Novice: 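Attaching a single structure in C-alpha cells format; questions to follow.
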Amino acid sequence: MTEAVPERPGDEIPVPPEREEDAEAPQDAGPAPLGVTLAPTGSAEVDAALERLADADDLPTGSHVEVYEDVHTRLRDALTALDAAPGPPGPRESAATYDDRS
C-alpha cells in the first residue's frame with residue numbers, strides 16, 4: 001500500500017514569468033499568408049493550378065487539404081494531357097523477328 005507524500009514547501013516547480021513578447025502577441029491571430037511569389041511557368045493550366053494555392057492563405061488549416069487535392073488533380077491532368085498530345089509517331093514494331101533460324 002502506498003501512502004500519499006505530503007507536499008513540502010520548496011518542492012514546487014518554478015513557473016517562469018511571462019515574457020513581454022508573449023504578452024504583446026495576439027492570442028488568436030488566425031492564418032497568415034506565407035507571401036510566396038510564383039513565377040509563371042508558361043503553361044496556362046499549370047499557372048491556374050498554382051494560383052489556386054493562394055486560396056489556402058485565407059482558410060483554416062483543416063481546409064487546406066481540399067485546396068491541395070484540387071491543385072494536385074489539376075497538375076496531374078496537365079501532365080496527362082502532355083502524354084496525349086500529338087507528336088511524332090513512335091517506333092514501329094517490325095513484323096520480322098530475329099529468332100527465325102534455319
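Just so it is clear, the structure is predicted and the values come from calculations on it, not from any experiment.
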Novice: Using a strict cut-off of less than 4.0 Å between a Lys/Arg side-chain nitrogen and an Asp/Glu carboxylate oxygen, indicate whether Arg52 and Asp55 qualify as a salt bridge.
Specialist: yes
Novice: Which value, rounded to the nearest 0.5 Å, describes the distance between Ser43 atom OG and Leu82 atom CG?
Specialist: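 The distance works out to 7.0 Å.
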Novice: How long is the gap from CZ on Arg74 to CG on Leu79, to the nearest 0.5 Å?
Specialist: 14.5 Å
Novice: Is Thr80 reaching over with its side chain to a backbone N or O of Arg76, donor-acceptor style, under 3.5 angstrom?
Specialist: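 Yes, Thr80 side chain to Arg76 backbone: donor-acceptor pair under 3.5 Å.
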Novice: Let me check something: do Val71 and Leu59 share a hydrophobic cluster, defined by ILVMFWY side-chain heavy atoms less than 4.5 Å apart, either directly or through other members?
Specialist: yes
Novice: Given 3.5 Å as the limit, does a donor-acceptor pair link the side chain of Asp47 with the main chain of Thr41, or not?
Specialist: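 At least one qualifying donor-acceptor pair exists.
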Novice: Could you state the interatomic distance from CG (Asp70) to CG (Leu75), rounded to the nearest 0.5 Å?
Specialist: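 Here the interatomic distance stands at 9.5 Å.
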Novice: If you take all heavy atoms of Ala78 and Glu45, which pair is closest and at what distance?
Specialist: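 So the minimum-distance heavy-atom pair works out to CB-CB, 4.2 Å.
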Novice: Do Leu50 and Val65 share a hydrophobic cluster, counting only Ile, Leu, Val, Met, Phe, Trp and Tyr and linking them when any side-chain heavy atoms are less than 4.5 Å apart?
Specialist: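 Leu50 and Val65: separate clusters.
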